[in-house]
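Everything on this sheet refers to the single structure shown next.
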There are 2 protein chains.
Amino acid sequence: METHLLRTFVAVARGGSFSRAARDLGYTQSAISQHIAALEQDLGTALLTRRPVAPTRAGERLLEHAGPLLTRLDAARADLARLTAAPTGRVVLGLTPLSLTAEVAAAARRGTELRVLSREDVLTEVATGSLDLGLVDGMTAPSDPLPLPDVGPLTTTVVGERPLAVAVPGGHPMTGRAVRLAELADAAWIDAPDTAIPLERLRKFASTDGFRGRLRYTGTDVRGLLGLVAAGQGLALLPADVITGVSAVSLSSPRVVHRTELVHGDPGEGSALAATLTGQRP
Amino acid sequence: METHLLRTFVAVARGGSFSRAARDLGYTQSAISQHIAALEQDLGTALLTRRPVAPTRAGERLLEHAGPLLTRLDAARADLARLTAAPTGRVVLGLTPLSLTAEVAAAARRGTELRVLSREDVLTEVATGSLDLGLVDGMTAPSDPLPLPDVGPLTTTVVGERPLAVAVPGGHPMTGRAVRLAELADAAWIDAPDTAIPLERLRKFASTDGFRGRLRYTGTDVRGLLGLVAAGQGLALLPADVITGVSAVSLSSPRVVHRTELVHGDPGEGSALAATLTGQRP
DNA sequence: TTGACTTACGTTAAGCGTAAGGATA
DNA sequence: TATCCTTACGCTTAACGTAAGTCAA
């Protein structure tokens, strides 16, 4: 299972075509065919159906492994590159929308580049070196770490915790009282995994099958999401202090907080900013 | 960064010798030399010092990546192999010593092979297919999952939770009362990471630098560890119900439990046993 | 000098592209 | 028939082993 064969395999599986993968990777289509044949022989199973080109059961399974495997490989290369690289004086900070708090806003210094991304992208880009530092947010029990996927040896540090609340349209009957999360399992929710707390996470904490999204909201803009809430399209769980223009209903149980964490490999370039963010005076 | 080059690199780094790696891997020593040269050129850095052969800083870093990378690669291969493999009627269950509770003992059926291993070994061997099922134990906050390293897409299910207690020599002044874990940071502890709860974990929960081991106990035998406690060599944190022959002191804080979880990839072969262990009547 | 890695070199095989050969819609 | 994957075939090059070379203890 050589890495270039895996690369080819995911390219073919993603694109759904041998010839497309050939163009993408700069091989001839014949070479792609040979790559796939070699991989299938090595593993002793068919990985793709042809005509139409689609992963078999085994292929699906291999894809689950191949993705993380290849990003970790990129992470390793980037990690070593950082050891030798000359400092550029430029710091690229990736952040999820809700991790951009007032403190973070104040900490950014001249020359910093800020990129708002999904949680997943922040993690893999920090690992693969496209970002010097990352800030990710999420919901956990107080003082518990965020459950982040393992994309390599990254360091994570708490930057802050703050209360969560449910954003509800103004005048909503719930306004003014605290609710238990479980009561809201059947409410209309907006599924905005890259902006608010993912509904999957709510299901986990409430241990139910509920919290099914009425609308799906992709992207990373909080204001737009609040607009949808205001329009009565559904609820969203957010840090209390970002909820403006609509009502915020606090949670009485379970005890959860919104937490943001700083992640980095070798801090190198961004170590000064990292120190500021984690509250150390450098 | 082809996988065979990484394999060679870890073999050389581990064995501390090119010629030894050559013997181990079935290459000539010249080929090993060429592999390392190719990898160093690819990454643009020296990875090993020669004479003596030892990893450089960059090499150390690469090793951190290469280990997980290669086991995940093996895991992928094993995972696909399981999809095609014919059932053998034989189930191999890996378990950490403290996960062998009375319920587990009762659940094992004729033909089951049980292997007592460290937490880490159980995880990687389940991932790489040497084990059909694994049972791992550890300390967490009640109803929190165990923090297990990510070695691939494994399913984990709770098997049980039970109280923890500190094993102390009979007649110890603490006997009979409940203590806060933090009080014991400076006590004499036995560092038995593969048998009892690792001291590192205690440090995490007490948020201190204490809990330094007076003795180190490697291996997976609980009775021997209790013998050391009885001899006054130090304390150990264990599930209350395994503490016999010495006194058990319960913890008043933090609120933690001993938890055991079942892990498996594709349950396949062991699915009947898995169902019994997780309390479902199959 | 000996043990251990590197390098030169010849051989072999693997990888790639061209082009012809199916298969499918 | 057009598209797309497979296969045959020849070429190129990279990988390996042998053996000579080099370096440090």
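Note on naming: letters A, B, ... go to the chains in the order of the sequence lines (proteins, then strands), and numbering restarts at 1 for each one. A quick note: this is a predicted structure, and the numbers were derived from the prediction, not measured.
Each of Ile32(B) and Gln34(A) was matched to the nucleotide of DNA chain C holding its nearest heavy atom; the match closer to the 5' end belongs to Ile32(B). Of the two residues near DNA chain C, Arg51(A) and Gln29(A), the one whose nearest nucleotide lies more 5' is Gln29(A).
Separating the NE2 atom of His35(A) from the P atom of dA14(C) is a distance of 14 Å, rounded to the nearest angstrom. Protein atom NE2 of His4(B) is 6 Å distant from nucleotide atom P of dA15(D), rounded to whole Å. As a whole-Å value, the separation of Glu2(B) CD from dC16(D) P is 12 Å. Atom CZ in Phe18(B) sits about 13 Å away from atom C1' in dT7(C), given to the nearest Å. Atom CD1 in Ile36(A) sits roughly 12 Å away from atom P in dC16(C) (whole-Å rounding). The distance from atom CG of Leu47(B) to atom P of dT6(C) is 12 Å, rounded to the nearest whole Å. Note: CD (Gln41(A)) to P (dG15(C)) measures 11 Å, nearest angstrom.
In this structure, CG in Asp132(A) is found 9.0 Å from CG in Leu273(A), a value given to the nearest 0.5 Å. Atom CG in Asp194(B) sits 9.5 Å away from atom OG1 in Thr96(B) (nearest 0.5 Å).
Residue Ser19(B) has a polar side-chain atom (N or O) positioned under 4.0 Å from OP1 or OP2 of dC5(C). An OP1 or OP2 oxygen of dG17(C) is reached within less than 4.0 angstrom by no side-chain nitrogen or oxygen of Tyr27(A).
Side-chain atoms of Ser30(B) and base atoms of dT7(C) include a donor and an acceptor less than 3.5 Å apart. Interface remark: the Arg50(B) side chain does not form any donor-acceptor pair with the dC5(C) base, using a distance-only criterion of under 3.5 Å.
Between Arg77(B) and Asp74(B) no salt bridge is recorded (no basic side-chain N to carboxylate O distance below 4.0 Å).
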Exercise for the section: Would you please test Ser19(B) and Ser17(B) for side-chain hydrogen bond (donor to acceptor under 3.5 Å, both in side chains) and show each step? Expected result: CA-CA 6 Å; Ser19(B) 20; Ser17(B) 150; 3.2 Å; yes
